[in-house]
Number of protein chains: 4
Amino acid sequence: MKEGDENAEQAGARPKRADARRNEKTLLDAAAALFVTSGVEAPVRDIAAKAGVGTGTIYRHFPTRAELIIAVYRHQVEACAEAGPALLESSPTPHAALGRWINLFVDFLVTKHGLAAVLRSDNAGFDTLHAYFLDRLVPVCGQLLEAAAAAGEIRSDIEAAELMRGVGNLCIGADHDPDYDARRLVGLLIAGLRRLL
Amino acid sequence: MKEGDENAEQAGARPKRADARRNEKTLLDAAAALFVTSGVEAPVRDIAAKAGVGTGTIYRHFPTRAELIIAVYRHQVEACAEAGPALLESSPTPHAALGRWINLFVDFLVTKHGLAAVLRSDNAGFDTLHAYFLDRLVPVCGQLLEAAAAAGEIRSDIEAAELMRGVGNLCIGADHDPDYDARRLVGLLIAGLRRLL
Amino acid sequence: MKEGDENAEQAGARPKRADARRNEKTLLDAAAALFVTSGVEAPVRDIAAKAGVGTGTIYRHFPTRAELIIAVYRHQVEACAEAGPALLESSPTPHAALGRWINLFVDFLVTKHGLAAVLRSDNAGFDTLHAYFLDRLVPVCGQLLEAAAAAGEIRSDIEAAELMRGVGNLCIGADHDPDYDARRLVGLLIAGLRRLL
Amino acid sequence: MKEGDENAEQAGARPKRADARRNEKTLLDAAAALFVTSGVEAPVRDIAAKAGVGTGTIYRHFPTRAELIIAVYRHQVEACAEAGPALLESSPTPHAALGRWINLFVDFLVTKHGLAAVLRSDNAGFDTLHAYFLDRLVPVCGQLLEAAAAAGEIRSDIEAAELMRGVGNLCIGADHDPDYDARRLVGLLIAGLRRLL
DNA sequence: CATGAATGAGCTTTCATTCAT
DNA sequence: CATGAATGAAAGCTCATTCAT
């Protein structure tokens, strides 16, 4: 049955079915919402319920939790990664660029209940997630760090991966405590990088 | 209630009390040992098994996990708290004292598998634990902070509670990753406190 | 519905039918292959995947698993059924013919991972399957049995249906254990039919 | 000496608590009953429900399904095993003893829905079960087989393990079909062992 | 008081089957 | 007709917590 008279999907070899696409969107929205309130380890059943789908649907779209988490946050992570070089150019100094970029990351993380915790998990199931964040963000951070070090603004004995982890850690629990300002503490951390004059 | 137990013991001369006390010691040792290997959220059953007692016994002595954790670490927390004033006197500057004292805290936390994470938990059951740490350590930290601020060494817009939380956060997950040096990052944080010259 | 398909095909000359038939063939091949490796209870999805079709297609062609199994093995079952009379003629004695025919059946069953087990299933869904095997093979077996009984070679108090079930049972699990030789045991069973002299 | 497990319990250091013992009995009864109707792979939840206990109770008493199955059938298996030597002495010939003993086994198995199937399972979880049956029954069968072979009554090329499996297989499904008489078929099998005169 | 048995909610994951596309 | 997305009922297993002994 090759009649191409049906509403042809937008160009592409195997376009996702409309309902599937809709569902995936619904799913991601539901997951994102639940992640905010219950953390990224929210029960699959709850996510499914919130999305109004069966649990199987989640597993079809995202076989592992890591994949779901990545999908939920991909856009924001990508945006963050891409912002790095631009900030380097538009900022007065590399150290300032670093601070701004880190703030972007903090703004992202602060609302991701439990994400930072899961990034520390030694559970094998989260390796993919771990790797994704590392792959995308550490190089960017490294670039900024190197620029600042090259400019003599900061110490050069801190690894990007370590700094990122520190920043990540400082964001843990920042969403459910108005007395805790992760951004301010991260500011301290970044300030601490400065080479002592 | 706090001192009552001791007195009742002397007066009543009930041998059971000695048993109970011995049990409690055994329990704390077992819990401490298991916390090291399995984290502070180790299954109650495992702790009981290690102590050679029934699970009920644990609940009798420590109705909530928070209480057990506090009991296990009380000595070390007290020691840390008490070290504050001494360090203030023996250190060249208040900021140096702060740094040393914070290092003490980091050294404590980093070896307590999962403790830092639990301190961030929004689980109501851990409120007591949270409060205990705050009560004991924040004033000490505040004292050091104030001294450093008074000496003009650091900014004065950082609260002790917030700083403690930041330090605690930086320690999360530091035990199972040799590539992550919480102490170095905390050092950055403390360095970041310095008033820019 | 049973004969309609064939006629409609010849009359209407609808090319779609050719597609469908090809599909059915593909399906049966895939199912047969998967049955060998994963047993006759292999997941529908796996079969569909192997055939390169959707799961719905399988249900369209074979609404129940029993029907699929029957379709997959029909040729071999028919061949087995048809071999009975021939063997009766070509064998030295009816009992020998029976033995040979039974061996044919054993050889068939033993390679059909899980088929023997499913033949014993009390799951209503397999009634059709059960009935099919009975309908096709029991009469043949009965014929051989009667001939042997008439020749005075064997006891006459065993029903063909029962014997077939026994043989079927002996084949269960014969595929995944090299230490178990269903054929030898079946040989014992057939030998046991002999009238004691 | 056996000196009674029951008595040892009263005397021994750690007697099982009365409620636990009662529960275990209830559990075994419930499991046995459910095994009859739903097979030995009946859902843990169903067994628990039938016994009126929580699922956890089952796992406490019998961490693996194999252990539960063994416990349910232990008495009968032991009785069967122990009957072997006695039958050898009390029967007119070793072959007769073998037949009688096999009948005992058949009577046992015929009501154990799904047991035979599970004994064939290649699932690692059932290794223990498999081993238990083999350990207890195959030697007994082997003894009878050897005696009969030594007496020249039967062929000597059949292994006890294989014979037991054959008998086991013949019993599959015998409980839910009044038209299928496993005992008669097994009789055939045993008769087939006879050395042809 | 101590014990540890019992409870049962809660989580993940699989798959037969239906039905929108 | 074919497709494969969605469904949701199972099922196994863990562990905090209660409570009979």
Side-chain angles (χ1 to χ4, degrees), chain A residues 1-3 6-7 9 14-24 26-27 41-46 48-49 51-61 63-65 125, chain B residues 14-17 19-20 23 27 41-46 48-49 51-61 63-65 125, chain C residues 14 16-17 19-20 23 27 41-49 51-61 63-65 125, chain D residues 14-24 26-27 41-46 48-49 51-61 63-65 125:
Chain A
M1 211 180 260
K2 296 282 175 200
E3 85 282 24
E6 300 289 328
N7 267 340
E9 210 101 17
R14 191 167 286 284
K16 227 163 197 162
R17 255 168 55 175
D19 57 344
R21 207 167 9 175
R22 223 177 305 127
N23 247 319
E24 185 152 329
T26 313
L27 224 58
E41 306 212 71
V44 173
R45 273 226 248 295
D46 293 358
V53 304
T55 57
T57 304
I58 297 198
Y59 284 98
R60 163 176 291 274
H61 287 275
T64 71
R65 182 170 290 268
Chain B
R14 294 237 260 144
K16 288 290 166 64
R17 287 308 169 97
D19 278 22
N23 242 326
L27 224 58
E41 306 212 72
V44 175
R45 275 228 264 291
D46 292 359
V53 303
T55 55
T57 304
I58 297 197
Y59 282 96
R60 168 170 299 277
H61 287 275
T64 71
R65 182 171 291 264
Chain C
R14 294 237 260 145
K16 288 293 163 63
R17 288 306 168 99
D19 276 21
N23 242 326
L27 225 57
E41 306 213 71
V44 175
R45 276 228 264 289
D46 293 359
I47 302 172
V53 304
T55 55
T57 305
I58 297 197
Y59 282 96
R60 167 170 299 278
H61 287 275
T64 72
R65 182 171 289 264
Chain D
R14 192 165 288 287
K16 224 164 198 161
R17 256 167 52 175
D19 58 342
R21 205 167 9 173
R22 223 177 307 125
N23 246 320
E24 184 153 329
T26 313
L27 224 58
E41 306 213 73
V44 174
R45 276 224 241 297
D46 292 359
V53 303
T55 56
T57 304
I58 298 199
Y59 284 99
R60 163 175 291 273
H61 287 275
T64 69
R65 182 171 289 266

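Here is how names work: the chains are called A, B, and so on, in the same order as the sequence lines, proteins then strands, and each is numbered from 1. Only a predicted model underlies this, so the values are computations on that prediction, with no experimental measurement involved. The analysis underlying the following values was restricted to heavy atoms, covering all of them including side chains, and did not include hydrogens, waters or symmetry mates.
With hydrogens and angles ignored, a donor-acceptor pair closer than 3.5 Å exists between the side chain of D:Arg45 and the base of F:dG12. Contact annotation: side chain of B:Thr55 to base of E:dA5, donor-acceptor pair present below 3.5 Å.
B:Leu27 places its CG atom 10 Å from the P atom of E:dA2, with the value rounded to the nearest Å. The distance from atom OH of C:Tyr59 to atom P of E:dT18 is 7 Å, rounded to the nearest whole Å. Rounded to an integer number of Å, the gap from CD of D:Glu24 to P of E:dG4 is 16 Å. Rounded to a whole Å, the CD1 atom of A:Ile58 is 15 Å from the P atom of F:dA9. One interatomic measurement links the two molecules: CG of C:Asp46 to C1' of E:dT17, which rounds to 15 Å at whole-angstrom precision.
Between C:Arg60 and B:Val44, the residue anchored closer to the 5' end of DNA chain F is C:Arg60, taking for each the nucleotide with the nearest heavy atom. Map A:Gly54 and D:Gly56 each onto its nearest nucleotide of DNA chain F; the residue landing nearer the 5' end is A:Gly54. Projected onto DNA chain E by closest heavy-atom contact, D:Val53 and B:Gly52 fall at different nucleotides, the more 5' of which corresponds to B:Gly52.
Of the listed nucleotides (F:dA6, E:dG4, E:dA2), F:dA6 has the atom at the smallest distance from the side chain of A:Asn23. Candidate nucleotides E:dT12, E:dT18, E:dG4 were compared by shortest atom distance to the side chain of A:Arg65, and E:dT12 ranks first.
Partner assigned to E:dA9 is F:dT14, using Watson-Crick or G-U wobble distances below 3.5 angstrom. Remark: F:dC1 base-pairs with no nucleotide in the shown strands. Criterion, Watson-Crick or G-U wobble with two distances under 3.5 Å.
At least one side-chain nitrogen or oxygen of D:His61 sits closer than 4.0 Å to the OP1 or OP2 atom of E:dA6. Listed pair A:Thr57 / F:dA5 fails the phosphate criterion, with no side-chain N or O lying under 4.0 Å from OP1 or OP2.
Rounded to the nearest 0.5 Å, atoms CD1 (C:Ile47) and CG (C:Leu27) are 8.0 Å apart.
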